[in-house]
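From a predicted model like this one, the values you see are computed outputs, not experimental measurements.
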Amino acid sequence: MKSILVVDDDKLNLSTARKVLSEDYKVIPVVRGEQALSYLQNGSCDIILLDINMPDMDGFQVLEKIREMERCKNIPVIFLTADDDTETETRCFKEGAIDFIAKPFVPAVMRSRIGRALELEELRRSLADKLEQKTREVTDMKSKSRQDALTGLWNRIYTEEAVNEMIAQGAKGALLMIDMDNFKAINDNYGHIAGDQTLKMFADTLRSLAGKNDVLCRIGGDEFVVFIKDVTSKDMLGSRASDIISDLSAKLKECKFETNSSVSIGIAQTPGDGMDFDKLYNSADKALYYVKQNGKNSYHFYSDKMKEEKERAGKVVDLNYLRDFMSRADTGKGAYLLDFDSFHHVYNFITRFVQREGKDVQTLLFTVTEKDDKELEVTEMELVMELLEKAIYTSLRRSDVSTRYSSKQIIVILMDTNTENGDMVAGRILDCFHELYTGEDVQIDYGIACMEG
């Protein structure tokens with residue numbers, strides 16, 4: 001049953017209203033505006049009949065107080081008045097009433113106007129609910145269009161807008177470009193499901209370390225961006241980067257991937273390294289590249305990179321100094337053993353060399369498999385790979401290059417070698433390996449191909 005709050009200082013009017021309405025509605029009668037406001041503090045009603053002319057506080061003042069109450073601001077109000085002048089009528093609607101009822105009450109008119117008012121209020125609420133639902137749907141769709149589907153982090157489009165808006169409003173901060181080293185090997189060795197789970201773990205770890213104003217983004221693949229707002233201290237930023245690296249490295253270790261995966265971070269700061277997303281992104285990317293070329297699993301500031309380049313630019317060296325500075329540090333006689341990313345650059349260089357000079361260069365691919373469908377322990381397989389790498393290193397020349405492609409495959413480049421000699425070298429490597437490894441649970445096969453420019 002709908003409820004009606006009737007506010008009138010005339011007890012006869014209250015009695016009449018109760019008699020006319022009580023059959024269809026619950027009637028709550030009060031004689032003063034203060035009583036109505038006190039009731040509305042905790043009570044509720046569906047409509048209010050409010051007398052205009054009352055002592056201490058008239059109906060217009062009471063309505064003003066009601067509209068200040070958050071829980072009551074949308075309750076429909078009908079004024080009760082004995083005035084029939086146009087000015088009073090106009091003010092009733094101006095103050096926010098939806099109708100008025102003239103005194104003395106005409107029962108049929110009163111019931112009709114109240115019924116119509118309640119119908120309109122029910123329609124208003126229905127439309128408001130539908131509008132709110134549509135607003136939520138649009139907001140949800142808009143939010144999803146700005147989020148990365150896999151991790152739930154923001155995508156690049158939203159992040160670019162958010163960072164540019166923050167900077168335009170005077171915010172300072174730093175953009176961290178975060179990249180997982182050797183992520184491709186996780187997909188190749190353990191499948192894309194494991195790769196996706198790793199990316200989700202990556203995102204969850206970033207969330208756990210983020211400040212409330214940070215913007216977290218997955219650019220794509222294994223590349224993430226974090227904009228840290230209102231932090232300008234290099235010590236604090238370095239500490240945040242170290243925490244990200246150590247936490248993510250620990251999580252990767254828990255996954256027990258045999259991929260030697262780690263985390264590298266490039267950092268660009270406002271205003272020195274850029275005053276919009278694109279400039280910060282490019283600066284952070286260059287700082288990240290520096291990390292990749294200098295051992296990975298670390299972080300670097302773009303400003304430090306620029307400082308080093310400026311120092312080199314102001315220093316003139318001769319060829320002897322440059323030769324000594326760039327020369328190989330180790331004194332061994334075996335092949336270069338590189339990480340895969342570095343190997344990739346060397347491979348491209350050698351391809352150009354073959355194209356220009358027409359020399360014979362062979363590519364060997366060694367693959368380790370378990371015999372009889374046995375599955376080796378992780379530590380045992382790692383031992384096999386280490387001994388195979390040792391066999392390769394000691395069996396080759398300094399001009400040859402090798403890298404571990406995955407937890408079960410190693411690539412070797414043999415410079416100035418034809419196919420026949422390449423097979424002989426492969427046999428020598430396998431003989432050396434079997435001298436080092438006495439187990440019988442693995443088999444090593446190799447393929448050989450002549451590199452073409």
Side-chain angles (χ1 to χ4, degrees), residues 150-151 177-206 218-224 241-266 288-289 291-299 335-348 363-370 374-393 401-413 433 437 441-447:
L150 178 64
T151 64
M177 182 174 288
I178 307 166
D179 188 81
M180 194 187 313
D181 307 316
N182 301 327
F183 173 72
K184 183 176 183 298
I186 296 176
N187 276 334
D188 292 343
N189 291 353
Y190 301 95
H192 287 280
I193 293 178
D196 287 349
Q197 292 299 324
T198 302
L199 293 174
K200 291 178 182 178
M201 174 274 291
F202 215 87
D204 290 340
T205 303
L206 292 179
R218 180 188 175 210
I219 295 293
D222 60 328
E223 185 178 311
F224 294 77
S242 294
D243 289 343
I244 292 172
I245 291 170
S246 60
D247 278 33
L248 287 172
S249 296
K251 295 287 179 60
L252 287 169
K253 190 174 181 180
E254 290 174 7
C255 295
K256 297 182 179 180
F257 293 136
E258 300 175 34
T259 56
N260 196 31
S261 296
S262 57
V263 180
S264 298
I265 300 177
L288 176 64
Y289 182 78
V291 178
K292 292 283 192 179
Q293 296 301 307
N294 289 273
K296 305 180 182 179
N297 197 35
S298 184
Y299 67 88
Y336 277 108
L337 300 181
L338 302 175
D339 64 81
F340 184 75
D341 285 345
S342 300
F343 178 86
H344 184 263
H345 294 296
V346 173
Y347 186 92
N348 288 336
T363 303
L364 292 173
L365 178 62
F366 290 93
T367 303
V368 180
T369 56
E370 294 97 332
K374 291 182 179 179
E375 187 171 344
L376 294 184
E377 295 289 337
V378 174
T379 53
E380 182 68 13
M381 180 58 76
E382 181 61 26
L383 174 63
V384 170
M385 294 298 288
E386 288 179 358
L387 293 178
L388 180 56
E389 284 178 328
K390 185 176 182 180
I392 290 170
Y393 177 77
V401 187
S402 174
T403 188
R404 186 186 297 199
Y405 176 73
S406 69
S407 61
K408 294 184 178 181
Q409 289 188 302
I410 294 178
I411 305 171
V412 176
I413 294 179
F433 169 77
Y437 182 72
D441 295 328
V442 297
Q443 175 178 325
I444 299 180
D445 300 304
Y446 75 90

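- Residue Ala391 comes nearest to Phe433 through the heavy atom pair CB-N, 3.7 Å, listed as atom of the first residue, atom of the second, then distance.
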**Request:** Apply side-chain contact (heavy atoms from CB on, under 4.5 Å) to Ser264 and Tyr299, showing your working.
**Result:** CA-CA 6 Å; Ser264 298; Tyr299 67 88; over 6 Å; no
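- The closest side-chain heavy-atom distance from Tyr446 to Leu365 is not below 4.5 Å.
- By the salt bridge (Lys or Arg N to Asp or Glu O under 4.0 Å) test, Asp196 pairs with no residue at all, sequence neighbours left out.
- Every residue two or more places apart in sequence or in another chain was checked for a salt bridge (Lys or Arg N to Asp or Glu O under 4.0 Å) with Asp222, and none qualifies.
- With sequence neighbours excluded, the residues satisfying side-chain contact (heavy atoms from CB on, under 4.5 Å) with Thr369 are Thr367, Gln443, Asp445.
- Between Gly195 and Asn187, the closest heavy-atom pair is CA-OD1, 3.3 Å.
- Scanning for side-chain contact (heavy atoms from CB on, under 4.5 Å) contacts around Ser262 gives Asp181, Lys296, Asn297, with sequence neighbours left out.
- With rounding to the nearest 0.5 Å, the separation of CD1 in Ile245 from CG in Leu252 is 12.0 Å.
- Shown here for Val412 and Ser402, the closest heavy-atom pair between the two residues is CG2-OG, 3.8 Å.
- When side chains are defined from C-beta on, His192 does not count as touching Gln197, because their heavy atoms never get closer than 4.5 Å.
- Checked against ring-ring contact (aromatic ring centres under 6.0 Å, His included), Tyr347 has no partners two or more places apart in sequence or in another chain.
- Put simply, CD on Glu254 and NZ on Lys256 are 10.0 Å apart, with the number rounded to the nearest 0.5 Å.
- Using a 4.5 Å heavy-atom threshold, the side chains of Asn189 and Glu258 count as separate.
- Looking at residues two or more places apart in sequence or on another chain, you find no salt bridge (Lys or Arg N to Asp or Glu O under 4.0 Å) involving Asp247.
- Legend: residues meeting salt bridge (Lys or Arg N to Asp or Glu O under 4.0 Å) with Arg404, ordered by chain and number and at least two apart, are Glu382, Glu389.
- For Ser298, the side-chain contact (heavy atoms from CB on, under 4.5 Å) partners are Val291, not counting sequence neighbours.
- Proximity of Phe202 to Met180: side-chain heavy atoms (C-beta onward) are separated by under 4.5 Å at one or more points.
- The CG atom of Leu383 lies 5.5 Å from the CD atom of Glu380; values are rounded to the nearest 0.5 Å.
- For the salt bridge (Lys or Arg N to Asp or Glu O under 4.0 Å) condition, the pairs that include at least one residue of residues 182-193, sequence neighbours left out, are Lys184-Asp188.
- Of all heavy-atom pairs between Leu199 and Arg218, the closest is CD1-NH2, 3.4 Å.
- One finds the CG atom of Leu388 at 4.5 Å from the CD1 atom of Ile444 (value rounded to the nearest 0.5 Å).
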**Prompt:** So Ile265 and Leu288, side-chain contact (heavy atoms from CB on, under 4.5 Å) or not? Walk me through it.
**Reply:** CA-CA 5 Å; Ile265 300 177; Leu288 176 64; 5.6 Å; no
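- Taking Thr198 as the reference, nothing meets the side-chain hydrogen bond (donor to acceptor under 3.5 Å, both in side chains) condition, with sequence neighbours excluded.
- To the nearest 0.5 Å, the span separating OG on Ser246 from NZ on Lys251 amounts to 10.0 Å.
- Counting all heavy atoms, side chain and backbone alike, Ile392 lies closest to Ile410 at CD1-CG2, 3.5 Å.
- Taking the six-membered ring where the residue is Trp, Tyr289 and His345 present perpendicular rings, their angle passing 60° and hence far from 30°.
- Across Ser261 and Ile186, no two heavy atoms sit closer than the pair OG-CD1, 3.6 Å.
- Rounded to the nearest 0.5 Å, atoms OG1 (Thr205) and CG (Asp243) are 12.0 Å apart.
- Listed by chain and residue number, Phe257 satisfy the ring-ring contact (aromatic ring centres under 6.0 Å, His included) test with Tyr190 (two or more places apart in sequence, or in another chain).
- Inter-residue side-chain proximity for Met381 and Val368 is flagged as met; some heavy-atom pair is nearer than 4.5 Å.
- By the side-chain contact (heavy atoms from CB on, under 4.5 Å) test, Glu223 is found to be paired with Met177, Asp179, Ile219, Tyr281, residues two or more places apart in sequence or in another chain being considered.
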